[in-house]
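Structure first, then comments.
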Amino acid sequence: MNDAKLFFDNIKNSKNICLVSHKNPDGDSLGSLLMLNEYLKNINKQVDVFVEGKIPYNYETFISKDTIKFEYDNIKFYDLLIVLDCGDESRLGIFSRIINNSSKIICVDHHVTNTNFADINIVDSDISSTGELLFKLFKAANKEITKKMAEYIYISIITDTGKFTYSNTSGETYKAVGELVDLGIDILQINNNLYNSKPIKIVKNFIQIISDIEFYYNNRFGIAKVTQAMLLENKMNMDDIDGVVEFIREIKEVEISCIIKEINSNEVKVSLRSKNDIDVSEIAKTYGGGGHKRAAGFTFNKSIEETKNEILGTLKTILGE
Ligand code: 5GP
Ligand code: MN
């Protein structure tokens with residue numbers, strides 16, 4: 001695998017390395033950042049890891065203090081910038097500036113909408129997660145994967161495959177996970193931290209959001225909304241909202257599910273999920289977003305209601321009678 005040689009040769013030739021991923025971190029972005037950080041620290045590289053946005057509560061326990069920085073001072077230059085799990089520069093948010101301050105950029109990613117913006121693009125949209133892609137690179141180069149690194153890869157894979165239920169879960173994915181388990185990772189403890197640790201407040205808020213789901217097109221489209229007022233009332237952050245759009249997809253009739261999150265009165269974040277063959281990344285792309293076939297998103301400069309009507313209009317040709 002040429003990619004693996006390129007990847008590790010560039011690491012070898014760099015002293016100062018920066019790791020970044022997309023804003024508003026998820027399991028795969030954090031898992032792959034932490035995994036690679038662990039490796040680079042082990043081989044004595046100087047590493048900075050940047051994340052824009054709040055770390056979701058269920059990942060906090062996996063991250064030791066000071067591992068992640070949330071602000072970049074604009075002065076520091078890097079020999080190598082490695083962008084993980086991020087398909088385009090704009091998704092880097094405030095850290096897209098680091099691109100201009102780096103001699104070389106490598107992107108390791110699995111988004112079908114990846115724009116090949118880096119100097120070296122190691123992109124495989126058929127693979128479950130960026131964590132699995134890193135696993136493959138390490139195996140191809142015969143590099144040791146420690147137990148700690150294995151834990152982080154496992155977090156990437158289990159979260160991006162929806163606990164091994166999405167169609168991106170391949171035989172290779174299961175084989176990789178088999179190897180990770182054999183390295184001694186404690187899957188019960190990791191899974192409990194990831195999935196059985198919801199604060200009561202978050203569950204109550206979830207129920208409130210779910211109780212207002214609307215259905216359209218013969219129940220084939222289900223949509224929920226989160227307003228700033230609701231967050232204020234429940235003393236919650238938008239980052240605490242998780243799993244709603246996947247929950248709506250669990251409904252038998254639903255083919256496409258959606259959640260609209262109000263950022264402010266004129267800006268929303270939309271998440272789309274599909275169950276079968278409808279490619280929601282195509283829909284997201286028409287609004288400047290992206291993602292995967294069955295999970296995609298975009299930001300839109302309209303109110304919640306206007307956005308909902310816009311999406312309903314777009315879906316009419318796909319789901320309408
Ligand atoms: P989520 O809906 O959970 O935010 O994201 C689902 C998938 O779509 C993820 O793979 C995420 O990276 C991608 N995605 C979400 N929002 C955007 C966006 O605004 N732009 C792009 N390019 N991808 C997005
Ligand atoms: Mn991912």
side-chain hydrogen bond (donor to acceptor under 3.5 Å, both in side chains) partners for [X], two or more places apart:
X: Ser90; result: Asp88
X: Asp28; result: His110, Thr130, Ser156
X: Lys302; result: none
X: Lys293; result: none

[X] with [Y], same ILVMFWY side-chain cluster at under 4.5 Å:
X: Ile55; Y: Ile94; value: no
X: Val108; Y: Phe95; value: no
X: Ile145; Y: Ile82; value: yes
X: Leu134; Y: Leu80; value: yes
X: Leu40; Y: Val83; value: no

Mutual orientation of the aromatic rings belonging to [X] and [Y] [parallel < 30°, tilted 30-60°, perpendicular > 60°]:
X: His292; Y: His111; answer: parallel
X: Tyr216; Y: Phe221; answer: tilted
X: Phe62; Y: Tyr59; answer: tilted

Straight-line distance of Ile43 CD1 to Ile17 CD1, nearest 0.5 Å: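 Going from the CD1 atom of Ile43 to the CD1 atom of Ile17 covers 6.5 Å.
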Euclidean distance, Ile122 CD1 relative to Ile106 CD1, rounded to 0.5 Å: 5.5 Å
Those residues that, when tested against [X], pass side chain to side chain contact (heavy atoms under 4.5 Å, CB included) (two or more places apart):
X: Glu246; value: Tyr166, Arg249, Arg273
X: Asn276; value: Glu255
X: Phe215; value: Ile213, Asn219, Ile251, Val254
X: Thr227; value: Ala229, Met230, Glu262, Ile304

Looking only at heavy atoms, what is the nearest atom pair of [X] and [Y], with distance?
X: Ile248; Y: Ala224; answer: CD1-CB, 3.7 Å
X: Gly297; Y: Lys269; answer: CA-NZ, 4.1 Å
X: Tyr195; Y: Lys198; answer: O-NZ, 3.8 Å
X: Arg294; Y: Ser167; answer: NH1-OG, 2.6 Å
X: Val270; Y: Cys258; answer: CG1-SG, 3.9 Å
X: Cys107; Y: Asn114; answer: SG-ND2, 3.6 Å

Candidate pair Glu38 and Lys41, rule salt bridge (Lys or Arg N to Asp or Glu O under 4.0 Å), full reasoning: CA-CA 5 Å; Glu38 184 69 22; Lys41 288 267 158 69; over 6 Å; no
Side chain Glu267, main chain Asn264, donor-acceptor under 3.5 Å: no
Donor-acceptor pair, side chain of Thr161 and main chain of Ile157, under 3.5 angstrom: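 The answer is yes, because a donor-acceptor pair under 3.5 Å joins these two groups.
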Cationic N near anionic O, under 4.0 Å, Lys69 to Asp48: yes
Salt-bridge contact Lys136-Asp3 (side-chain N to carboxylate O under 4.0 Å):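 A salt bridge is absent here (no side-chain N lies under 4.0 Å from a carboxylate O).
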Atom NZ of Lys104 with >12 non-hydrogen neighbours under 6.0 angstrom: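 No - once you tally the heavy atoms of other residues, nucleotides and ligands closer than 6.0 Å, there are 12 at most.
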Lys204, NZ atom: more than 12 neighbouring heavy atoms under 6.0 Å: no
Show every ring-ring contact (aromatic ring centres under 6.0 Å, His included) that has at least one partner inside [range], sequence neighbours left out.
range: residues 132-154; answer: Phe8-Phe138, Tyr39-Phe138
range: residues 239-282; answer: Phe206-Phe247
range: residues 253-284; answer: none

Distance-only donor-acceptor check, side chains Glu132 and Thr173, under 3.5 Å: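 Glu132 vs Thr173: donor-acceptor pair found between side chains.
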Can I get a per-line list of side-chain donor-acceptor pairs under 3.5 Å for residues 280-291, giving both atom names and the distance, sequence neighbours left out?
unit_1, atom_1, unit_2, atom_2, d
Ser281, OG, Asp279, OD1, 2.8
Thr286, OG1, Ile283, O, 2.6
Tyr287, OH, Glu310, OE2, 2.7
Tyr287, OH, Thr314, OG1, 2.5

